[in-house]
A.B. asks: 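Below is the structure I would like to discuss, written out as structure tokens.
Counting convention: from 1, in listed order, for ligands and their atoms alike. All values below come from the heavy atoms of this structure, side chains included, with hydrogens, waters and symmetry mates left out.
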Amino acid sequence: MQTLTEKITALAQEAFAAAGYDAAYGKVTVSNRPDLCQFQCNGALAAAKQYRCAPMAIAEAVAEKLRENGAFATAAACAPGFLNLTLTGEALAAYLSDMAHADRFGVEPEAQPKTVVLDYGGPNVAKPLHIGHLRSAIIGESVKRILRFFGNKVIGDIHLGDWGLQMGLILAEAQQRHPDLCYFDPNYTGAYPEKPPFTVSELEEIYPAASAKSKTDEAFAAKAHDFTRRLQEREKGPFALWQKIMEVSLADLRKNYENLGVSFDAWLGESDAQPYVAPMLAKIEEKHLAVESDGALVVPVQREDDKKEIPPCILKKSDGATLYATTDLATMLQRETDFHPDWILYIVDKRQSLHFEQVFRVARMAGIIRDETALQHIGFGTMNGADGKPFKTREGGVMRLERLIAEITDFVRGKITENQTVADDQVDAVAKMIAMAALKYGDLSNQATKDYVFDIDRFAAFEGNTGPYLLYTIVRIKSILARAETAPGALRAPETAEETNLMLTISRFADEMTAAYRATAPNTICAYVYELAGAFNQFYHTTKILSEPDEAKRAGYLALISLAKNVMETCIDLLGFAAPEKM
Ligand code: ARG
């Protein structure tokens with residue numbers, strides 16, 4: 001189905017052609033002067049240059065042709081050569097009616113769907129999931145849903161950090177704490193126990209302790225490096241313990257992501273890419289891209305036209321250890337082999353942009369991925385606290401995601417208990433839904449690259465540009481529809497400015513989603529759904545819906561608000577949250 005601007009563009013193109021001009025000048029957009037008209041076309045201004053005549057003459061001629069079409073209430077030429085267009089109420093209602101019956105409210109799926117590997121989440125095993133990983137999960141989940149909405153095949157891969165020095169640190173610390181564990185006994189020949197030797201809270205305590213110790217205690221740091229190497233060589237004991245650590249940590253991660261409403265199709269990690277390290281390095285060798293630098297193996301990636309310095313990509317340290325970049329390149333080869341993607345998209349902190357620049361360059365030069373495969377890093381900014389510094393707990397520590405979610409949920413629970421609108425047995429579930437909306441909308445409504453300040457009072461407010469406000473609006477519509485004693489009927493031509501505005505706002509859905517999709521920008525959806533909620537609320541405050549005595553009119557209102565609700569629910573679903581029945 002064509003979007004409304006596409007439809008009107010097609011009419012304008014026909015009119016340009018009928019008036020004797022190139023149809024290509026007929027591009028129509030939403031008016032930037034809504035006080036004057038609904039849509040505009042500036043093509044006559046450009047056409048005037050080609051045809052060497054006055055823009056107004058062209059605009060007049062085209063307007064006349066457009067007026068022959070019953071769809072326009074006005075089609076007027078305006079100095080110096082604009083075409084100002086306003087649809088009839090019937091034409092607008094007819095478009096909305098088509099929209100209401102179309103799949104995805106008229107959004108056309110991609111003609112050639114892409115296979116996309118989406119790399120998001122990126123938690124590190126045995127480290128507590130903290131808010132640094134929150135943004136990647138929230139943005140990634142939304143991007144996944146947007147790409148799928150347009151018919152693409154998306155493989156969401158969590159890309160666990162499960163193989164680097166952090167694992168060596170944990171193993172070293174575990175040995176200090178529990179030297180008698182069979183995993184550390186080189187002479188142990190039995191089967192390793194089924195039961196993991198640590199709980200998740202123990203594990204989470206081990207990592208920070210180990211990390212701190214390694215900074216002051218050189219012998220300990222050396223031990224951690226040694227464990228990393230032994231693990232990477234898959235030495236029996238360390239490898240078996242690593243497997244147990246993975247088991248405990250993954251169960252916890254699954255629970256946490258589920259709690260956040262974020263899911264993945266593949267739970268692969270750095271460790272899974274290790275078998276691809278050698279073939280990946282072979283490709284680099286084949287093309288003679290790598291050089292030795294102080295014993296390390298590096299690939300220079302600087303180009304002549306670079307405006308800034310891009311240091312070489314280090315693939316192997318002098319002690320033979322591989323690095324983050326090595327693993328990412330091996331992972332690309334793995335993804336190429338397994339999924340043959342058209343696009344690999346990384347949703348990772350923008351502070352890693354140099355890393356991705358280096359890795360992408362190496363991948364291209366070495367042909368690790370096909371030339372046609374797009375590689376993109378969407379780098380996001382930091383979630384800050386009120387002090388403008390990365391968000392911390394009140395005690396100044398790293399905020400755990402679980403705790404953050406619990407705090408927001410408690411805050412919201414307090415509000416809804418006070419309002420007494422939700423049945424007791426529903427309070428927890430509803431509070432959770434509102435908390436998710438607050439957290440996710442608070443994040444996604446910012447352009448991803450920007451830092452933002454996490455402010456619970458603002459994010460969780462029921463009024464203003466917030467997730468809860470959107471839910472509140474949807475719930476308001478649900479309640480009207482539930483109280484209506486008659487069914488929605490046919491959409492009708494609008495009679496008031498508020499009704500027209502609501503209908504026009506709804507009509508932009510497909511264009512707005514397409515813009516969000518093309519730019520991979522959930523914030524575009526946020527801005528749109530917020531505007532739509534505002535348009536509905538203005539309509540609601542100026543219109544008696546349920547007490548409208550004219551039955552056909554009331555049925556038309558019900559159809560309109562039901563469409564508004566469905567469109568809003570689709571938008572928030574693309575953002576990764578949902579509305580309750582009551583709040
Ligand atoms: N685990 C990494 C971190 O915590 C993020 C991984 C991002 N994805 C990737 N392919 N490098 O920083």
A.B. asks: Within 45° of the ring axis of Phe462 and under 6.0 Å from its six-membered ring centre, is that where the NZ or CZ of Lys415 lies?
C.D. replies: yes
A.B. asks: Side chain, backbone, both or neither: which part of Leu160 comes within less than 4.0 Å of ligand 1 when only heavy atoms are counted?
C.D. replies: neither
A.B. asks: Give the atoms of ligand 1, by number and element, whose distance to some non-hydrogen atom of Phe356 is under 4.0 Å.
C.D. replies: 9 (C), 11 (N)
A.B. asks: I'd like to check which ligand 1 atoms, numbered from 1 as shown, lie under 4.0 Å from a non-hydrogen atom of Gly122.
C.D. replies: 1 (N), 2 (C), 3 (C), 4 (O), 5 (C)
A.B. asks: Nearest protein heavy atom to atom 12 (O) of ligand 1, by residue and atom, and its distance?
C.D. replies: Gln352 NE2, 2.9 Å
A.B. asks: Counting only heavy atoms, which portion of Tyr120 has something under 4.0 Å from ligand 1: side chain, backbone, both, or neither?
C.D. replies: neither
A.B. asks: Is there a donor in the side chain of Asn124 and an acceptor in the side chain of Tyr207, or the other way round, less than 3.5 Å apart?
C.D. replies: no
A.B. asks: Quick one: does Glu270 get within less than 4.0 Å of ligand 1, heavy atoms only?
C.D. replies: no
A.B. asks: Would a 4.5 Å heavy-atom cut-off, applied to side chains only, mark Val116 and Phe339 as touching?
C.D. replies: no
A.B. asks: Starting from atom 8 (N) of ligand 1, which protein heavy atom do you reach first, and at what distance in Å?
C.D. replies: Asp119 OD1, 3.0 Å
A.B. asks: State whether the shortest distance between N or O atoms of Asp328 and N or O atoms of ligand 1 falls below 3.5 angstrom.
C.D. replies: yes
A.B. asks: Is ligand 1 under 4.0 Å from a heavy atom in the side chain of Asp349, in the backbone, in both, or in neither?
C.D. replies: neither
A.B. asks: Report yes if some heavy atom in the side chain of Val430 is under 4.5 Å from a heavy atom in the side chain of Arg413; otherwise report no.
C.D. replies: no
A.B. asks: Below 4.0 angstrom from a heavy atom of Tyr324, which ligand 1 atoms are there? Numbered from 1 as shown, please.
C.D. replies: 2 (C), 5 (C), 6 (C), 7 (C), 9 (C), 11 (N)
A.B. asks: What I want to know is whether Arg335 and ligand 1 share at least one N or O pair that is separated by under 3.5 angstrom.
C.D. replies: no
A.B. asks: Would you say Trp343 and Leu147 make side-chain contact, with heavy atoms under 4.5 Å?
C.D. replies: yes
A.B. asks: Would you say Leu118 and Phe264 make side-chain contact, with heavy atoms under 4.5 Å?
C.D. replies: no
A.B. asks: Which ligand 1 atoms does Tyr346 reach within 4.0 Å, using its non-hydrogen atoms?
C.D. replies: 10 (N)
A.B. asks: Has Asn446 got a side-chain atom pairing as donor or acceptor with Asp443's backbone, closer than 3.5 angstrom?
C.D. replies: yes
A.B. asks: Please check if any side-chain donor atom of Asn384 sits under 3.5 Å from a side-chain acceptor atom of Tyr452, or the reverse.
C.D. replies: no
